[in-house]
Structure formats: structure tokens, C-alpha cells
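Counting convention: from 1, in listed order, for ligands and their atoms alike. All figures in this text were calculated on a predicted structure; none of them were measured in a lab.
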Amino acid sequence: MAPEKLNVLIIGSGGREHALASKVAMSPRLGQLFCMPGNAGTASIAKNLDVDPSDQNAVIAAAKANQIDFTIVGPEAPLCAGIVDRFNDEGLCIFGPTKAAARLEGDKAFAKKIMTQALVPTAEARIFDKLERAKEYIATRDTPQVVKAAGLAAGKGVIVCDEPYQALLAVEDIMGKGQFGDAGQTVVVEERLKGPEISVLALIDDRTIYVLETAQDYKRLGDNDEGPNTGGMGAISPSPHATDSLLDQVQHEIIIPTLDGLRREGCVYRGVLYVGLMLTAGGPKVLEFNCRFGDPETQVVIPRLKSDLLELLYACANGKLEDASIDWDDRTAVCVVMASGGYPGNYSTGKSIEGLNTDVRDDVFVFHAGTKSHVAGTRTAGGRVLGVTALGESAAAAREKAYQSVGKIRFDGATYRTDIAANM
Ligand code: AMP
Ligand code: GLY
């Protein structure tokens with residue numbers, strides 16, 4: 001029998017985890033809420049546990065010591081390292097895919113093989129584990145290529161080339177010089193696609209697929225999509241490109257065949273699957289799969305969820321998603337990320353954050369990412385510091401509200417894009 005009240009642990013410390021925690025905190029089903037390690041934002045609604053999520057023995061010990069009934073995993077690293085398998089072995093309930101299923105994110109060569117075998121639309125690609133073979137292949141290409149380290153590289157392992165020759169430099173850096181360490185022992189070299197991007201998240205258990213509301217991420221640091229790639233500088237939900245027919249196509253031509261392909265490899269996917277798509281002239285094509293909620297996408301999708309997130313994720317983890325229902329707020333959500341000066345390169349931390357609580361309203365959410373509580377107040381503690389999300393009747397209304405709130409928050413060196421959700 002499932003316990004009436006659930007003590008819940010959320011693993012991770014970003015804006016995604018604060019957004020998940022804020023929603024779980026509203027559930028009547030919640031007993032006590034814990035975050036590991038969490039941030040200053042989660043500390044105000046949960047008990048932060050100072051445990052390193054990569055130390056599986058310590059995570060299991062903390063889950064037992066705190067009588068956790070249900071664990072939700074935010075980031076990919078613990079999933080790809082097999083935290084779900086460990087919890088299952090211990091008889092503990094956890095939301096997320098097993099290590100074998102998480103390879104869809106953790107091994108881009110594996111994901112490409114699954115997609116190719118299942119005829120899932122994706123960029124034309126070749127996989128190499130020898131530098132010379134990769135270079136020979138690239139020399140035959142006369143269009144721009146994208147070079148990807150196959151393993152996990154904290155979102156940085158993708159080099160998008162403007163000219164064919166740049167792919168040669170990229171494989172030299174990744175395979176020859178070890179730019180991304182072991183993650184780059186194998187590379188995927190693929191054609192560069194063109195078109196707008198859209199992120200589609202789906203909850204998945206053994207029998208059911210629930211496609212969630214869509215989002216669009218702003219990956220580049222600067223306005224007009226200039227500057228380096230980042231973890232994400234803002235987001236809007238729904239994506240202006242989402243249509244029912246597109247989502248139907250994504251479910252039937254991408255998600256279902258991919259899950260079938262995984263089954264043929266002997267694994268069943270449970271958890272949330274993130275499908276990163278490019279809408280090309282030839283239809284939607286997969287750029288990547290992630291085995292977790294996106295960040296900052298979660299910071300715009302979850303505030304629009306009207307249903308009980310805890311019940312939903314608990315049902316999914318227990319293979320009972322078909323009994324669940326999901327209701328959405330029709331409003332648009334816009335999130336503006338405030339980052340430390342210098343991010344995604346070097347930046348300093350420990351800056352005092354002012355104006356955090358000046359704008360308390362029910363349609364604005366200040367999600368913490370790299371923040372830490374300090375006796376003297378909240379301080380910066382990471383690259384992406386805050387995600388300021390607002391709900392509005394239109395993209396323009398949500399955008400205006402989000403930027404009004406951003407304008408009230410100050411820390412030394414704060415940087416953010418000024419064009420999130422502009423010109424929609
Ligand atoms: P990924 O981590 O594989 O999603 O790649 C990060 C970013 O690189 C994506 O969000 C795209 O903006 C870009 N990208 C990845 N693959 C391609 C591709 N085949 N063509 C064009 N851009 C790509
Ligand atoms: N926003 C991109 C990601 O979560 O991977």
C-alpha cells in the first residue's frame with residue numbers, strides 16, 4: 001500500500017529543481033520535502049541535504065535516514081550513473097530512467113543508432129572512434145557539419161560548424177586533444193540542420209505517453225542568438241511553433257519508434273523524455289534526447305501545470321500514468337535567466353543579491369539556481385543564478401512582467417538577455 005503522505009527528495013540544485021520543488025510543495029499528498037543539495041531557494045520550502053548526488057552510497061543512506069518515500073532526479077549525471085537502478089535494488093521508489101535507458105542522453109552514438117534503426121527523423125550522421133577515420137569522412141563533406149562528443153560533457157560537447165573545414169578542427173580538439181575528456185573518445189559527425197528549435201517533454205511509463213506542454217529555449221548568451229552556447233538563458237512556453245499536428249507527429253514518428261527501439265535493446269523507459277527538435281524544411285528532426293526535465297524549460301512548463309505534480313510523477317514511477325490526468329493553464333510563461341558576469345566562461349561568486357522579495361505576486365516566480373544562503377542574505381553561487389518566470393495572457397504580457405521583476409533584482413555583474421520572447 002502506498003503511504004498516504006509521501007516524504008519526497010528532489011536531487012539537484014538548479015532552477016529546474018527549485019521549480020519542481022515549488023510545485024511538489026503545493027501537493028496535499030506531500031509529507032516532508034527534501035532537496036539534495038538544493039540552493040537558497042529550495043531551502044525556503046524544503047530541507048536541503050548536504051550530500052553529493054554522485055555519491056550513490058551517501059544518497060541511499062540519506063534517503064533511508066530521512067524516511068524518503070519518493071525521489072525525483074533532476075540532472076542527467078546521477079541517472080546516467082545508475083542511481084535509479086540502485087534505488088530499485090534497495091526497494092526505494094524513484095522517478096527517472098534506468099542507466100540502460102538513460103543512454104539515450106548519456107551516449108549520443110547509442111541514441112543515433114536507435115534512431116537510425118527505428119527510422120526516426122534526425123540529422124544524417126556517422127559515428128567514429130578513430131580520429132583518422134573521422135577526418136577522412138569530414139574531408140568528403142562539402143556542407144557544414146556538427147561534431148558531438150558522444151558522452152556527457154555538461155551540455156558543452158557540441159560544436160556547430162559554419163564551414164566544412166571547421167569540423168576537422170573540432171574532431172582534432174575533441175579526439176586528438178581530449179577537449180571533453182573521455183566523453184569525446186567517440187564522436188558523432190552530423191549534417192548541420194536549419195530551422196527553429198522546440199523542446200518537447202513527455203512523461204513515459206511502460207504503457208502510457210503523456211506529451212507535456214512545449215517550450216522554446218534560448219541557448220545563446222547574447223541577444224539575437226549571438227555569442228556562445230549556454231545551459232539556456234531563457235524560455236517560453238508554449239513554443240510559438242507548437243501545433244497539435246506537430247505534437248502528434250512527434251509522438252508517432254519519434255517517441256513511439258524510439259521507445260520500441262529501446263525495448264528491442266531490452267530496456268523500458270520510465271520517467272520524462274526530453275526531445276530536442278529542429279523544425280526543418282523537411283519536417284521535425286531530432287537534435288538530441290535528454291533523459292530528464294530540461295532547464296530552463298521546466299521553469300516555464302511547470303508553472304503552467306494545474307495538476308498535482310507529485311501525484312503525476314509518483315504515478316509515472318509506479319507504472320500508473322494511464323490513471324492520471326493533466327490540466328494546463330492556457331497562459332503563456334516566459335522565463336528570463338539572470339547569470340553571473342562572465343558566464344559561460346569564468347565568473348566569480350559570493351555576490352550579494354538584492355531585491356529578491358520586492359515583487360511577491362502569484363503570477364511571478366523567482367526560481368533560484370546558483371544561490372546560497374548566507375547570514376547576511378542570499379549570495380550568488382553559480383553561473384546561472386536565477387530564473388525569473390512570469391505568466392501572462394500573451395507572450396508580450398508575460399515578457400513585460402518577467403522583465404519588470406528582473407529589473408528589481410540586483411547583483412554585481414548580473415547579465416541577462418533582453419530579447420526573451422520578443423517579437424513573437
Ligand atoms: P545538443 O546538445 O545535441 O542538443 O546540441 C546543442 C545545440 O547545438 C542544439 O540545441 C542546437 O542549437 C545545436 N545543434 C545540435 N545538433 C545540430 C544539428 N545537427 N544542426 C544544427 N544545430 C545543431
Ligand atoms: N535547456 C536544455 C537542456 O536542458 O538540456
- Contact with ligand 2 for Gly232, non-hydrogen, under 4.0 angstrom: no
- Output yes when a side-chain donor or acceptor of Thr380 lies under 3.5 Å from a complementary backbone atom of Thr371, and no otherwise. no
- Charged tip of Arg103 within 45° of Phe110 ring normal and under 6.0 Å: yes
- Message: To check your reading of the model: name the closest protein heavy atom to atom 14 (N) of ligand 1, its residue, and the distance in Å.
- Response: Val160 CG2, 4.0 Å
- Query: Is it the case that Thr378 and Lys372 place a side-chain donor and acceptor less than 3.5 Å from each other?
  - Reply: no
- Item | Residue pair Val59, Met36: steps toward the side-chain contact (heavy atoms from CB on, under 4.5 Å) verdict | CA-CA 9 Å; Val59 177; Met36 181 189 283; 3.8 Å; yes
- Item | Worked verdict on Glu265 versus Gln117 for side-chain contact (heavy atoms from CB on, under 4.5 Å) | CA-CA 11 Å; Glu265 295 285 321; Gln117 283 162 6; 4.2 Å; yes
- Exercise: identify the closest heavy-atom pair between Arg384 and Ala369: O-CB, 3.2 Å
- Item | 4.0 Å heavy-atom contact, Arg16 with ligand 2 | no
- Task: Of the side chain and backbone of Gln299, name the one, both, or neither that has a heavy atom under 4.0 Å from an atom of ligand 2.
- Result: neither
- Counting each atom of ligand 2 from 1 as listed, which ones have a heavy atom of Gly294 under 4.0 Å away? 4 (O)
- Query: Looking only at heavy atoms of Ser199, does any of them come nearer than 4.0 Å to an atom of ligand 2?
  - Reply: no
- Item | Identity and distance of the protein heavy atom lying nearest atom 5 (O) of ligand 2 | Arg292 NH2, 2.9 Å
- Note on the structure: heavy-atom search around atom 22 (N) of ligand 1 in the protein gives Met278 CE, 4.0 Å
- How are the rings of Phe70 and Tyr314 set relative to one another: parallel (under 30°), tilted (30 to 60°) or perpendicular (over 60°)? perpendicular
- For ligand 2, note which part of Phe293 has a heavy atom under 4.0 Å away: side chain, backbone, both or neither. neither
- Item | Heavy-atom nearest neighbour in the protein, as seen from atom 20 (N) of ligand 1, with distance rounded to 0.1 Å | Leu193 N, 2.8 Å
- Ligand-residue contact atoms, ligand 1 with Arg192, heavy atoms, under 4.0 Å: 20 (N), 21 (C)
- Message: Considering non-hydrogen atoms of the protein only, which is the closest contact for atom 19 (N) of ligand 1, and what is the distance?
- Response: Glu190 OE2, 2.7 Å
- Between Leu287 and ligand 1, which residue portion shows a heavy-atom distance shorter than 4.0 Å: side chain, backbone, both, or neither? both
- Can an N or O of Glu288 be found at a distance shorter than 3.5 Å from an N or O of ligand 2? no
- Closest protein heavy atom to atom 3 (O) of ligand 1, given as residue, atom name and distance to 0.1 Å: Lys148 NZ, 3.0 Å
- Minimum heavy-atom distance between Asp363 and Arg331, given as atom pair plus value: CB-NH1, 4.1 Å
- Query: Which atoms of ligand 2 sit under 4.0 Å from any heavy atom of Asp217?
  - Reply: 1 (N), 2 (C)
- Item | Test salt bridge (Lys or Arg N to Asp or Glu O under 4.0 Å) applied to Glu190 and Lys108, Lys285, Lys112, Arg126, the passing residue | Lys112
- Message: What verdict does the salt bridge (Lys or Arg N to Asp or Glu O under 4.0 Å) test give for Lys219 and Glu197, after you've listed the backbone C-alpha separation in whole Å, the side-chain angles of each residue and the deciding distance to 0.1 Å?
- Response: CA-CA 10 Å; Lys219 288 207 164 77; Glu197 287 183 43; 3.6 Å; yes
- Message: I need the nearest protein heavy-atom contact for atom 2 (O) of ligand 1: residue, atom name and distance, please.
- Response: Glu288 OE1, 3.2 Å
- Report the part of Val158 in contact with ligand 1, treating N, CA, C, O as backbone and CB onward as side chain, heavy atoms under 4.0 Å; options are side chain, backbone, both, neither. side chain
- Determine whether any heavy atom of Lys194 lies closer than 4.0 Å to an atom of ligand 1. no
- Ligand-residue contact atoms, ligand 1 with Lys219, heavy atoms, under 4.0 Å: 10 (O)
- Message: Checking a contact table here: which protein heavy atom is nearest atom 10 (O) of ligand 1, and how many Å away?
- Response: Glu197 OE1, 2.8 Å
